[in-house]
Amino acid sequence: MIEDPDPVYDPVSEESHENPYPSYGRLREEFPLYHVARHDVWALSRYTDIKEGLRDWETFSSAKGVELGSYVQFFGPGSIQELDPPRHDVLRKVLAPRFLNKNIKSYEEIVRTTARHLIGEFLEQEHVDLATEFTQKLPIATIFRILGIPESDLNWTTQAGLQMLSRPPGESGPSPRAYELRAELVAFFESLVQGQRGGAYSDDVFGDMARAIDGGTMDLEEVQGLTLLLVAAGMETTTSLLGNMVHALGTGQVTGEELSSDHGGPSSTVIDEFLRFDAPAQWLARVTTREVTLHGITLPPDSRVLMIFASGNRDPRVFDNPDELVLSRDGSRNLAFGEGIHFCVGMPLARLETRVGIGELLSALPNFELTGSPVRYPSHVIRGFESIPTLIRR
Ligand code: HEM
């Protein structure tokens, strides 16, 4: 491994974990294609470069994984995020209908009931950690119900999912425990799908998978990657968005009134601006399939390139005063949900959870403020909070 004693940017450094935005600014202005020697990856930081790169999946492939180091392809077979067409498109079609905007509305009641239940658990307390008790639990509880996990198994699967995905500082890859939990969860998910083969399919994602396997469009082993991707994508990212809003409320950066314009919850415009300002997934990678020249540098095939969505979202060529959170701004061109064939399947669900979740929180706790220091989520990709200690004011 080559070391650069003073890198402009290192995606896994402590500095990037705390606040990557100053480095992104330097990258965009001085090194729009930057070689991070320590990881032998190239960083793309300007909005247009990222957008065009993501659209050109034939050159910038996902098939060799979208992460760094031993996190690459942790989910295994079936994870569409780490597949190119044609397999990507076939499997995406198994999932996509359930997550369409028009179909996702039927989950509003599940999200609302889950949010109310979680809030009820701490409503009478004076102090609560809104990250561990709310922003982390709402997305995973919701996605597990949509997958089709029986009510009686929600507790242990939620704990196992949270633990499997946690990345303690300093760990450069999944822990042995994460692999054990993955094996336990996958065996359970596969048994739920197998149980429906050839019979009546349940009205959930596992039912859709059983039907696809019976119809010959999906293999049983692909249940692993497709489900783990949904667990991870459906949880960490939305947790981060909710946490960023809760944090902004708790520090007084925004008011409850500003966040409650759409049926008591944040409007689409407000959600977009939060996503633009602090993208939950800061970056994901691609690997070149051929020689590509960008900004006068020629990359050989097999070069790993980081697409830094969060930096594109702060590109002054696209957004005025990009380092300011302006709730009235039209931030809808943000790259937080990606671009092209891998564009986020769960966007409508993430928006629903945020509108309903924050709306419910604000109506039950109109006044709260942070006590102590919030702790950032231990991940080099996901930017969010693991702990948000809060005082509830009555
Ligand atoms: C605020 C919340 C969310 C954000 C910021 C987010 C972000 C993203 C991004 C950036 C990608 C593109 C990945 C790439 O290009 O390699 C993506 C893909 C994906 N997301 Fe989300 N996501 C969110 C919520 C969700 C939810 C709730 C689900 C659950 C259904 C979900 C499921 C997926 C899936 C399955 C993919 C892979 C799509 C493909 O490869 O074709 N996401 N997401």
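Each ligand, and each atom within it, is numbered from 1 in the order the structure gives. Computed over heavy atoms, backbone and side chain alike; hydrogens, waters and symmetry mates excluded.
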Parallel, tilted or perpendicular: ring planes of [X] versus [Y], cut at 30 and 60 degrees:
{"X": "F385", "Y": "H247", "answer": "parallel"}
{"X": "F134", "Y": "F122", "answer": "perpendicular"}
{"X": "W283", "Y": "H380", "answer": "parallel"}

Show the atoms of ligand 1 that are less than 4.0 angstrom away from any heavy atom in [X].
{"X": "I80", "value": "38 (C), 39 (C), 40 (O), 41 (O)"}
{"X": "R92", "value": "38 (C), 39 (C), 41 (O)"}
{"X": "F99", "value": "30 (C)"}
{"X": "L230", "value": "30 (C)"}
{"X": "T238", "value": "2 (C), 24 (C), 27 (C)"}

Nearest to [atom], what protein heavy atom do you find, and at what distance?
{"atom": "atom 36 (C) of ligand 1", "result": "V345 N, 4.1 Å"}
{"atom": "atom 28 (C) of ligand 1", "result": "G346 CA, 3.5 Å"}
{"atom": "atom 24 (C) of ligand 1", "result": "T237 OG1, 3.3 Å"}
{"atom": "atom 13 (C) of ligand 1", "result": "Q81 NE2, 3.2 Å"}
{"atom": "atom 35 (C) of ligand 1", "result": "L229 CD2, 3.7 Å"}
{"atom": "atom 6 (C) of ligand 1", "result": "F337 CD2, 3.6 Å"}
{"atom": "atom 20 (N) of ligand 1", "result": "C344 SG, 3.2 Å"}

Do any N or O atoms from the side chain of [X] and from the backbone of [Y] form a donor-acceptor pair under 3.5 angstrom?
{"X": "S45", "Y": "Y24", "answer": "no"}
{"X": "Q282", "Y": "A279", "answer": "yes"}
{"X": "R304", "Y": "K64", "answer": "yes"}
{"X": "T114", "Y": "T142", "answer": "no"}

Out of [options], whose heavy atom is nearest to [atom]?
{"atom": "atom 15 (O) of ligand 1", "options": "R286, M347, Q282", "answer": "R286"}
{"atom": "atom 10 (C) of ligand 1", "options": "A281, G234, A336, S79", "answer": "A336"}
{"atom": "atom 25 (C) of ligand 1", "options": "A233, A350, A96", "answer": "A233"}
{"atom": "atom 39 (C) of ligand 1", "options": "E236, R98, H342", "answer": "H342"}

Determine whether any heavy atom of [X] lies closer than 4.0 Å to an atom of ligand 1.
{"X": "H88", "result": "yes"}
{"X": "I341", "result": "yes"}
{"X": "M235", "result": "no"}

Apply the side chain to side chain contact (heavy atoms under 4.5 Å, CB included) test between I213 and each candidate in V223, D208, V94; give the one that qualifies.
V223
Looking at [X] and [Y], does any basic side-chain N land under 4.0 Å from a carboxylate oxygen?
{"X": "E18", "Y": "R376", "answer": "no"}
{"X": "R28", "Y": "D49", "answer": "no"}
{"X": "R329", "Y": "E324", "answer": "no"}
{"X": "D203", "Y": "R98", "answer": "yes"}

If I apply the N/O under 3.5 Å rule, does S62 come out as touching ligand 1?
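Between S62 and ligand 1 (N or O atoms, distance only) the closest approach is not under 3.5 Å.
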For ligand 1, does P280 get within less than 4.0 Å through its side chain, its backbone, both, or neither, judged by non-hydrogen atoms?
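For P280, the contact with ligand 1 is made by the side chain alone.
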For ligand 1, note which part of L284 has a heavy atom under 4.0 Å away: side chain, backbone, both or neither.
side chain
Y201 ring center near F206 ring center (under 6.0 Å):
no
